[in-house]
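Order of the sequence lines sets the chain letters (A, B, ...), proteins ahead of strands, with each chain counted from 1. Basis for what follows: all heavy atoms, side chains included, without hydrogens, waters or symmetry-related copies.
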Amino acid sequence: MYALADCNNFYASCERAFEPRLEGRPVVVLSNNDGCVVARSQEAKDVGIGMGEPAFQCRDRFDRHQVVVRSSNYTLYDDMSRRVVRSISEFVPDIEIYSIDEVFLDLRPLGNPVATSLCQTIRDRVKQWTGIPISIGIAPTKTLAKLANRIAKKDPTTHGVFQLPKNDPDRALALDSVDVGDVWGVGSRWGARLRGLGVRSALDLARMPVEDLRKRFNVVAQRTALELRGVVCQDLEDVAPPRKTLVRSRSFGDMVTNFEQLSEAVANHAVRAAEKLRSEGGTAGQVSVFFSTNRFRDDLPQYHGGGTVELLPATASTPIILREAMRLTRFAWRQGFHYKKAGVMLGDLSFGEIQGGLFNTQDHEHDDRLMAALDEVNRKMGAGTLRPAATGVTAKGWRMKREHCSPKYTTSWRELPFAKT
DNA sequence: TCTGGGGTCCTAGGACCC
DNA sequence: TCTGGGGTCCTAGGACCC
């Protein structure tokens, strides 16, 4: 048996955990740049605010229902996520961290009869220790655990924990209650195509001939259907496979029309990407730069530019990555467009042993020591204390909007919450 | 005026190898 | 009348996830 523990309305719940007065009120959290709604409390869902809706289209509803609006505070959410995971690991050692708000649990070593009551205990403790409400679904495959979790969230009689029934008629009933588009692995495109074939529910999908799915869709769709039948196709990944790419990108607060501002933004992304890569102990064999205009502005000419170069030898050195990123930017730059977004992607990553080139006689020790010193200063004195001049000093034009951000309650001494007596 | 950011996997087709 | 067989690697596009 597997279980999926999923935090309810995670970002909104994090905001609430430190501001109890938000309990019972509609709360939404916006994406970077205060652009779209990315999390909603139950009350916000109830007044019809959709996932992913642009904030400016919700303004009236925000006012009408006195919705509490927050910019996203990933420093807080990352730390709260860590706390939730640590709490769950006290009870179940074999886990897979699937996303910032989801954890798969391997219940196989534990035996079946205790599963539901154990998960009920986990749910209560996580709430008590972190303030975050979670729901847990229990089933023989990950896809079914996802489905069971959905039922645990929707049906109040489950009290947040639902184990998929073992006997056939009851299980069929549960599967039939879930829309095919809500199955893990079925997105909006496949959902529409499946409905066109008369497949409405998770049960219909489970009963579809898998060879058909393989032919019409692909092997991923076939696996999804098998998992719905209780055939394990995806095991728990308790050690995370090394990442293959690392991206840092942002939309700009305002449109950018001149080269200096754009290259400043790219420089910042390059520096942050290199820092992140070093913090994970990796090196990159490839760096890409990309920038683009605002795709929603049909009245303006569109342009997507960028390029990629190899890094030989692979490196995580800020000066080298920055130099290459700046070269790519100069090369791909076109005058006369209104730019809205830029980013840097590091690829061909390796972790552990660095691949040395046959003709590489360069000495990296100097660079490694320099980067270690840089990271140490920034760790002690605050991010960005030491940085290349190319990253600029004003962030004019491209700085992102973040007008409703809560404090870093759990990671900054200066921002600790106060309890008033 | 205002529309996020960061990932993975699969498939098909083309280039290239012997 | 007639033009092999078997492979790998890379890329772009499309789908999915949170």
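A heavy-atom distance below 4.0 Å to DNA chain B is reached by these residues of residues 238-253 of chain A, ordered by number: A:R243, A:K244, A:T245, A:L246, A:V247, A:R248, A:S249, A:R250, A:S251. In the region residues 75-96 of chain A, proximity to DNA chain B at under 4.0 angstrom, judged on heavy atoms, holds for none of the residues. For the contact set between residues 36-56 of chain A and DNA chain B, defined by any heavy atom under 4.0 Å, the members are A:C36, A:P54, A:F56. For DNA chain C, the residues of residues 187-223 of chain A within the heavy-atom distance limit of 4.0 Å (strictly under) are A:G187, A:S188, A:R189, A:W190, sorted by number.
Sorted by first then second residue, the ring-ring contact (aromatic ring centres under 6.0 Å, His included) pairs that include residues 43-68 of chain A, not counting sequence neighbours, number zero. Applying the ring-ring contact (aromatic ring centres under 6.0 Å, His included) definition to pairs two or more places apart or across chains, none involves residues 310-329 of chain A.
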Completion exercise
Intra- and inter-strand pairing of DNA chain C, written as dot-bracket with Watson-Crick and G-U pairs under 3.5 Å and | for the latter, reads ....||||||||||||||
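Between chain A and DNA chain C, the heavy-atom contact criterion of under 4.0 Å yields a 5' to 3' nucleotide range of C:dA15 to C:dC18.
With respect to A:R207 and A:D176, no salt bridge is recorded, no charged nitrogen being found less than 4.0 Å from a carboxylate O. Salt bridge status for A:E264 with A:K396: absent, with no side-chain N to carboxylate O gap under 4.0 Å.
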Could you list the donor-acceptor pairs under 3.5 angstrom formed by side chains in residues 20-27 of chain A, with sequence neighbours left out?
residue: A:R21; atom: NE; partner: A:E19; partner atom: OE2; Å: 3.4
residue: A:R21; atom: NH2; partner: A:E19; partner atom: OE2; Å: 2.9
residue: A:R25; atom: NH2; partner: A:Q66; partner atom: O; Å: 3.2

In residues 209-218 of chain A, what donor-acceptor pairs under 3.5 Å come from side-chain atoms, sequence neighbours left out?
residue: A:N218; atom: OD1; partner: A:V220; partner atom: N; Å: 2.9
residue: A:N218; atom: OD1; partner: A:A221; partner atom: N; Å: 3.2

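For an aromatic pair to be called close, the ring centres must be under 6.0 Å apart, and A:W184 with A:Y98 satisfies this.
A:N33 comes within 4.0 angstrom of no nucleic acid atom, judged by non-hydrogen atoms across all strands.
Residues meeting the salt bridge (charged side-chain N to carboxylate O under 4.0 Å, His left out) test with A:K244, sequence neighbours left out: none. The salt bridge (charged side-chain N to carboxylate O under 4.0 Å, His left out) check on A:D298 picks up nothing, with sequence neighbours excluded.
Ring pair A:Y303/A:F337 is parallel by interplanar angle, where below 30° counts as parallel and above 60° as perpendicular.
C:dG4 and B:dC17 have their C1' atoms separated by 15 Å, with the value rounded to a whole Å.
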